[in-house]
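Single-structure report; data block below.
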2 protein chains.
Amino acid sequence: MITNKNCIIRLSRYKNALYRLQDLGFVKVFSDNLADAVGGTASQVRKDFSIFGISGNKKGGYQIDSLLEKLNSILGKDQLQKVIVIGAGHIGSALMRYRGFEKEGIKIVAGFDIDPAKINRSNPVPVYPLEEARAFIKTNQIRIAILAVPDIAAQQAVDLICAAGIKGVLNFAPLGLKTPEGSIVNNVNLEIELENLIYFVNVAEKTR
Amino acid sequence: MITNKNCIIRLSRYKNALYRLQDLGFVKVFSDNLADAVGGTASQVRKDFSIFGISGNKKGGYQIDSLLEKLNSILGKDQLQKVIVIGAGHIGSALMRYRGFEKEGIKIVAGFDIDPAKINRSNPVPVYPLEEARAFIKTNQIRIAILAVPDIAAQQAVDLICAAGIKGVLNFAPLGLKTPEGSIVNNVNLEIELENLIYFVNVAEKTR
DNA sequence: TTGTTATTGTGAAAAATAGAACAATATGAT
DNA sequence: ATCATATTGTTCTATTTTTCACAATAACAA
């Protein structure tokens, strides 16, 4: 079983690069093309594919369309993924307005907030009171949630949604969350990403 | 020289956890407290510290305040970091309004967009035409930029800002960017993060 | 048909990262 | 003052991840 997050992220990158190549009219691709496109090595591309039993043609590379089919299937993109957003502040509402998810087969179906002023049941993506989240998750069998609430509210919110059936949380709150066995958290922390960038920029500057 | 991104990210997490502990009134901390707080192991905490020459007291743990000083210094948080945002769409403007960076010593000083309708020189974070970016970066010696433009515009925008002196880019566009030697890109790709989450949720579901 | 070449697929080697183990030692108890 | 204990710092070990290297082979040319 594959537990290597970076490997799966690379699969997503390959997939995205393949769509761009396809748009440019390409029909087949070689491992070194993909390596260039995502910034890796050709043997890593082949190794990644080999892990998932994806094979190409000796001297012929890979057919882009069938490769995309396989990657999409691995990545669960053969069915629409319904996602909810907890927290309708700046980040949460930007995410609800963001159109980029649609073309990836990801649909934000609702938002939830504790603040009555944020509720709006007739938005393109409706925003409901947080206390309705539990029922919504169960009724619609939602498995994935984006958490965009202030840090002080984050653990409580996660407890609530995981108890209701959420299995995966994309966490924007800047702190680690405890989840019950069987639920997964991926953290997106912009402050930390920036700090990281600053660190490596500083290091590069010093060692130059 | 440290090239381990995960290690630096852990330092940021330790730092954040330490502030929370400090707020709760704690004065000292042990490696296993920090491990719990960020979800790692105690020996990794100590190993991380040892890499940077941070030492505590046998049986006494670490003084939170001096530990924070050291981490903040390593992470470059002893000076205000000025950052610009390229692209004033949904994500870009949410970032400009986002208050969370301030308490981290990160200040978004300006935004830039190619669309005249987005320009607003009197915003709290002013938005200027993209063609003014070059001069702004040079004049204000900006080193870090957040890139939040449509993918089709991303490579061109990066070329522009790197030529003007940007050394680190936090890239929200969903594709890999080529940068000149000496500049660094960190990618934040929400679609990929969600895909990743979906993959691991699916795997967990299948193997259960 | 035969030979040449380009490219895959994979096993083995290397490098990077994480974890376990434990000696050293500061602290507090008696 | 001595002992017992808790915790660090670090070395050694294990695991994970990446890279290398090359045999296998499909495509193409002569």
Atom-pair distance ([atom1] on [X]; [atom2] on [N]), nearest Å:
X	N	atom1	atom2	result
A/Ile8	D/dT17	CD1	C1'	14 Å
B/Asn4	C/dG19	CG	P	12 Å
B/Ile51	D/dT8	CD1	C1'	16 Å
A/Tyr62	C/dA6	OH	P	18 Å
B/Leu34	D/dT7	CG	P	13 Å
A/Phe30	C/dA6	CZ	P	11 Å
A/Phe52	C/dT10	CZ	P	14 Å
A/Arg46	D/dT18	CZ	C1'	13 Å

Phosphate contact (D/dT8 OP1 or OP2) by B/Ser31 side-chain N/O below 4.0 Å: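 Yes, because at least one side-chain N or O of B/Ser31 sits under 4.0 Å from OP1 or OP2 of D/dT8.
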
Side-chain N,O (B/Ser50) to OP1/OP2 (D/dG9) below 4.0 Å: no

Whichever of A/Asp48 and B/Lys58 has its nearest DNA chain D nucleotide further upstream toward 5': B/Lys58

Residue met sooner reading DNA chain D from 5', once A/Lys28 and A/Arg10 are mapped to nucleotides: A/Arg10

Under 3.5 Å side-chain donor-acceptor pair for B/Tyr62 and B/Asn57: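 Result is no, nothing qualifies.
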
Distance-only donor-acceptor test (3.5 Å): side chain A/Lys59, base C/dT5: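 Flag set: donor-acceptor pair detected.
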
Under-3.5 Å donor-acceptor pair between B/Lys47 side chain and C/dG19 base: yes

Most 5' of B/Lys5 and A/Gly61 on DNA chain C, judged by nearest nucleotide: A/Gly61

Are [X] and [Y] ion-paired here, with the side-chain N under 4.0 Å from a carboxylate O?
X	Y	result
A/Glu193	B/Lys5	yes
B/Lys167	A/Glu205	no
B/Lys15	B/Glu104	yes

Aromatic plane relationship, A/Phe136 with A/Phe112 - under 30° parallel, 30 to 60° tilted, over 60° perpendicular: perpendicular

Sugar-phosphate only, base, or nothing, as touched by B/Ser43 at under 4.0 Å among non-hydrogen atoms: base

Touch class at under 4.0 angstrom, heavy-atom based, for A/Phe49 against every strand present: nothing

